[in-house]
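This is the structure, below, for whatever I ask next.
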Amino acid sequence: MSETLEPALPDHLDEQADRMMHALCDRELTVATVESCTGGMLAALLTDIEGASHGFERGFVTYSEASKNELLGIDLEVLHKNEAVSEVVARAMAEGALARSRADISLGVTGFAGAAGEGHEQGLVHMALARRGRPTAHRVEHFGAIGRGSVRVKSLKVMLDMLEQALGEE
């Protein structure tokens, strides 16, 4: 179970992360994470599972456009033509993490956890799961103005659900 993020995260997230990491290990699969609005929380949660470290390949925290371009290979034109918080960018993040790692699966997240700025929706989060040889999955959530921490925690839950669904499709 997670120790680093205790007691900040609900027990059900720790339990689900534990199940997912052991399921990855049992299948000899690895995961990479690429996070913007969650700032590395998913990577921290997954790497805190004792006895399952071989299921985690690497994590990227790509908050700026420059980091998305440099670390993930996302073309700057894609970033300039689309909002940073969009389906296009979430998919590109997950696919870029897969391309720039040895992982079998990658999870990407971009969103407005806190104040969104004029014309943007607070609590809007786009998530994507890329898997070698399969189409990239996407989820969008409209969590609303529930606070930065709550949006981030709810995003972790959705990404764990996406991973669980992907592993169940084998």
For residues Thr136 and Leu98, determine if any side-chain heavy atom of one lies less than 4.5 Å from a side-chain heavy atom of the other.
no

A side-chain contact here means heavy atoms from C-beta on lying under 4.5 Å apart; do Arg100 and Arg58 qualify?
no

Minimal non-hydrogen separation, Glu141 against Phe143, with atom names:
CB-CZ, 3.4 Å

State, to 0.1 Å, how close Ala97 and Leu72 come at their nearest heavy-atom pair, and which atoms those are.
N-CD2, 3.8 Å

Residue pair Val151 / Gly123: nearest heavy atoms and the distance that separates them:
CG2-CA, 4.0 Å

CE-CG distance between Met162 and Leu107, expressed to the nearest 0.5 angstrom
6.5 Å

Exercise: identify the closest heavy-atom pair between Glu57 and Ser101:
OE1-CB, 3.2 Å

Which value, rounded to the nearest 0.5 Å, describes the distance between Arg139 atom CZ and Ser155 atom OG?
10.5 Å

Once rounded to the nearest 0.5 Å, what's the spacing between atom NE2 of His54 and atom OG1 of Thr30?
10.5 Å

Output, in order, the C-alpha distance, side-chain angles, deciding distance and verdict of side-chain contact (heavy atoms from CB on, under 4.5 Å) for Asp161 and Gln16.
CA-CA 8 Å; Asp161 289 346; Gln16 188 176 16; 2.8 Å; yes

Begin with the C-alpha distance, continue with both residues' side-chain angles, and end with the deciding distance and a verdict on side-chain contact (heavy atoms from CB on, under 4.5 Å) for Leu167 and Ile105.
CA-CA 10 Å; Leu167 291 175; Ile105 299 169; 4.0 Å; yes

Do Leu129 and Val88 share a hydrophobic cluster, counting only Ile, Leu, Val, Met, Phe, Trp and Tyr and linking them when any side-chain heavy atoms are less than 4.5 Å apart?
no

Could you tell me whether a side-chain N or O of Ser86 sits under 3.5 Å from a main-chain N or O of Glu83, the two making a donor and an acceptor?
yes

Give a yes or no answer on whether the side chain of Glu65 reaches the backbone of His80 with a donor-acceptor pair at less than 3.5 Å.
no

Distance from Met20 atom CE to Leu13 atom CG, nearest 0.5 Å?
12.0 Å

Between Glu121 and Ala116, what is the shortest heavy-atom contact and its length?
C-CB, 3.6 Å

Heavy-atom side-chain proximity of Val89 to His126 below 4.5 angstrom:
no

Using a 3.5 Å distance criterion without hydrogens, assess whether the side chain of Lys68 forms a donor-acceptor pair with backbone atoms of Tyr63.
yes

Are Leu124 and Val34 connected into the same hydrophobic cluster when the rule is that any two of I, L, V, M, F, W, Y join if their side-chain heavy atoms are below 4.5 Å apart?
no

Say whether Ile146 and Met127 are linked into one hydrophobic cluster, either directly or through other cluster members, by side-chain heavy-atom distances under 4.5 angstrom.
yes

Do Pro10 and Val153 come within less than 4.5 Å of each other through their side chains, counting heavy atoms only?
yes

Using a distance-only test with no angle check, is there a side-chain donor-acceptor pair under 3.5 angstrom linking Glu87 and Asn82?
no

Verify, without hydrogens or angle tests, whether Thr38 (side chain) and Arg152 (backbone) share a donor-acceptor contact under 3.5 angstrom.
no

Might you point out which heavy atoms bring Leu45 and Ala17 nearest each other, and give the distance in Å?
CG-CB, 3.7 Å

Any non-hydrogen side-chain atom of Phe112 less than 4.5 Å from a side-chain atom of Val125?
no

Kindly work out whether a path of hydrophobic side-chain contacts (I/L/V/M/F/W/Y, heavy atoms less than 4.5 Å apart) joins Met21 to Val158.
yes

Under the side-chain contact (heavy atoms from CB on, under 4.5 Å) rule, what do Thr62 and Ile74 come out as? Steps first, then yes or no, please.
CA-CA 11 Å; Thr62 58; Ile74 301 174; over 6 Å; no

Could you check whether atom NZ of Lys157 has more than 12 heavy atoms from other residues, nucleotides or ligands sitting under 6.0 Å from it?
yes

Thr33 vs Met159 side-chain heavy atoms within contact, under 4.5 Å
no

Checking side-chain contact (heavy atoms from CB on, under 4.5 Å) for the pair Leu46/Leu24: CA distance, chi angles, key distance, verdict?
CA-CA 11 Å; Leu46 297 178; Leu24 285 165; over 6 Å; no

From Leu76 atom CG to Lys81 atom NZ, the distance as rounded to the nearest 0.5 Å
12.5 Å

CG of Asp26 to CZ of Arg19: how many Å apart, nearest 0.5 Å?
13.0 Å

Cluster overlap Met93 with Val78, hydrophobic side-chain contacts below 4.5 Å
yes

